> 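Following this message is one structure expressed as structure tokens.
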Protein chains: 2
Amino acid sequence: MPQSRPRIIPEATVARLAVYLRVLAGLADGGRSHVSSGELASAAGVNPAGLRKDLSYLGPCGVRGVGYSVSGLRDRLTDALGGERSRPCVLIGIGRLGSALADYAGFASRGFEFVGLLDTDPATVGHRVGGLQVRPVQELEAVVAETHATIGVITTPAEVAQSVCDRLVSVGVRSILNFAPVALTVPAGVDVRKVDLSVELQVLAFLDQQRDGTPPLLAPLRPAQGVAR
Amino acid sequence: MPQSRPRIIPEATVARLAVYLRVLAGLADGGRSHVSSGELASAAGVNPAGLRKDLSYLGPCGVRGVGYSVSGLRDRLTDALGGERSRPCVLIGIGRLGSALADYAGFASRGFEFVGLLDTDPATVGHRVGGLQVRPVQELEAVVAETHATIGVITTPAEVAQSVCDRLVSVGVRSILNFAPVALTVPAGVDVRKVDLSVELQVLAFLDQQRDGTPPLLAPLRPAQGVAR
DNA sequence: TCCTGTGAACTCATTCACAGCC
DNA sequence: GGCTGTGAATGAGTTCACAGGA
């Protein structure tokens, strides 16, 4: 089977491929059949040459002088990112943030399905969130076993995040998305990605201050994520 | 006034400084008076040498052979990140995610205060979220003027994010945190940071697949954010 | 001896510039 | 002519290794 050539794909590129895929979905809805790297790059907020380099990791997927086929590229990207198979996830910590994630439409459309919601609070357990009933965190191991979840999302308070993480790892979960503001320690072979919302704000505030607070000292800002021109 | 030497601080470093600050707060609560770079680095999930390099941008702040004073370093970091002044933020889009952010305790403790919540939905307008009444998005300009907000947080659907962004910029907001899955276009001088939750999951799923799906082809993974050993 | 501070080496990522094909 | 694919150049960020002070 002619699986695209087994090149190595940098993680930064993988993140952008997911973005391109979303932009392509929009273009397809709009009835477009072709795009140039320039147009796609501008919609994704990246440099055109960088976009072409990203795509080149999948092998040639465009037509010189013409551009890319929207549907063709879409298939190629979907495939590279793991196909359309559904990915069962468990979510631990059903507070405000957890509830928000539990029925965030953006996940389902990308093939991520929450198959288990867990919390310690008796007032939360039993409630339905995003079409699923919240179960007591004691059942974590059982839920993972039942559902064969491979991804764990942690939205608990910082104090318990490590212990939840350990329990996930002990039942075979090797991909964890952590929203708790702590660094998790995991064995080799387990991937943790961390999203730290207050750090994002803090960086923004710093840049803000740099601009007009202390004019002489200016950090080497990235040229703004959008088209800053 | 001996303001720390005006060196240039890379953005990646700024993000980590915020993390160190949080770890230090924990140590201070625990009554610790000193830390070594090794201990601090392990709690923050980074390399010790990197941590020292990060801190070196603020000028010498430790004692050789001893380590860092917890309170001293804390003050230094607080100062570098813009002091303790409160930062007024407006939040547009009070859906699940918006509501979660609106009363996320982690923000207030870092000096971020939401002073305006806005939404289009008549069913949402008027409700109180996190101690604040939601106002109609038509009043965006008025709210920013009243409150002198300098940071805007966008949690609207993708379709309206750009127009909300434009309106924020037009009334002088120059720091924007964007949760909507689109690349925002802004004039030079405005900073946008993007948080894309489904991309995080997608990258995680990719790594997962790489591990056991296609053994021969392995991406050059970063050595996991925690202490992967 | 211990641990910080930092130049130097290295790895990773982005950007440029142009060759190649339609 | 136009746009893709990609080596080469540049730049940013991380790690190493050691000098230097308590």
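None of the values given here were measured: they were computed from a predicted structure. First the proteins, then the strands, lettered A, B, ... as listed; each starts at 1. What's counted below: heavy atoms across the whole structure, side chains too, no hydrogens, waters or symmetry copies.
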> Could you check if a side-chain atom of A:Leu207 sits within less than 4.5 angstrom of a side-chain atom of B:Glu11, using non-hydrogen atoms only?
yes
> Which parts of nucleotides 17-22 of chain D does protein reach within less than 4.0 Å, heavy atoms only, written one letter per nucleotide 5' to 3' as B for base, S for sugar-phosphate only and - for none?
B-BBBS
> Going through the checks in order, is the side chain to side chain contact (heavy atoms under 4.5 Å, CB included) test met by B:Leu17 and B:Leu81?
CA-CA 8 Å; B:Leu17 293 183; B:Leu81 292 175; 4.2 Å; yes
> For the residue pair A:Asp191 and A:Ser175, confirm or rule out a side-chain donor-acceptor distance under 3.5 Å.
no
> How do B:Thr13 and A:Val35 order along DNA chain D: which one's closest nucleotide is nearer the 5' end?
A:Val35
> Phosphate oxygens OP1/OP2 of D:dG13: is one of them under 4.0 Å from a side-chain N or O of B:Asn47?
no
> Can you tell me if B:Arg22 and A:Ser198 form a side-chain donor-acceptor pair at under 3.5 Å?
yes
> Not counting sequence neighbours, which residues clear ring-ring contact (aromatic ring centres under 6.0 Å, His included) with B:Phe114? List them please.
B:Phe107
> Rounded to whole Å, please give me the gap between CD in B:Glu39 and C1' in C:dC2.
15 Å
> Check whether any side-chain nitrogen or oxygen of B:Ser37 sits under 4.0 Å from OP1 or OP2 of C:dC3, and answer yes or no.
no
> Apply side chain to side chain contact (heavy atoms under 4.5 Å, CB included) to B:Ser36 and list each qualifying residue two or more places apart in sequence or on a separate chain.
B:Glu39
> Reckon A:Tyr68 has a side-chain N or O less than 4.0 Å from the OP1 or OP2 of D:dG5?
yes
> Expressed in angstrom and rounded to an integer, what is the separation of A:Asp54 atom CG from C:dT14 atom C1'?
10 Å
> Is the closest side-chain donor-acceptor distance between B:Ser69 and B:Arg74 under 3.5 Å?
no
> Going by the side chain to side chain donor-acceptor pair (under 3.5 Å) test, which pairs reach into residues 103-113 of chain B, not counting sequence neighbours?
A:Arg96-B:Asp103, A:Gln202-B:Arg110, B:Ser86-B:Glu113
> Side-chain N or O of A:Arg16 versus OP1/OP2 of C:dT14: is the shortest distance under 4.0 Å?
yes
> From CG of A:Leu51 over to P of C:dT14, roughly how many Å is that when rounded to an integer?
12 Å
> Can you tell me the distance, in whole Å, between the CG atom of B:Leu58 and the P atom of C:dT6?
11 Å
> Using whole Å, what does the distance between atom C1' of nucleotide D:dG13 and atom CD1 of B:Ile8 come to?
15 Å
> From CD1 of B:Ile9 over to P of C:dT6, roughly how many Å is that when rounded to an integer?
14 Å
> Got a list of protein N/O to nucleotides 7-10 of chain C N/O distances below 3.5 Å?
unit_1, atom_1, unit_2, atom_2, d
C:dA8, N6, B:Lys53, NZ, 3.4

> Round to the nearest Å and state the distance from B:Tyr57 atom OH to C:dG5 atom P.
14 Å
> Run the side chain to side chain contact (heavy atoms under 4.5 Å, CB included) test against B:Ser99 and tell me which residues pass, sequence neighbours left out.
B:Ile94, B:Val129
> Calculate the interatomic distance between B:Glu11 atom CD and C:dT14 atom P; express it in whole Å.
13 Å
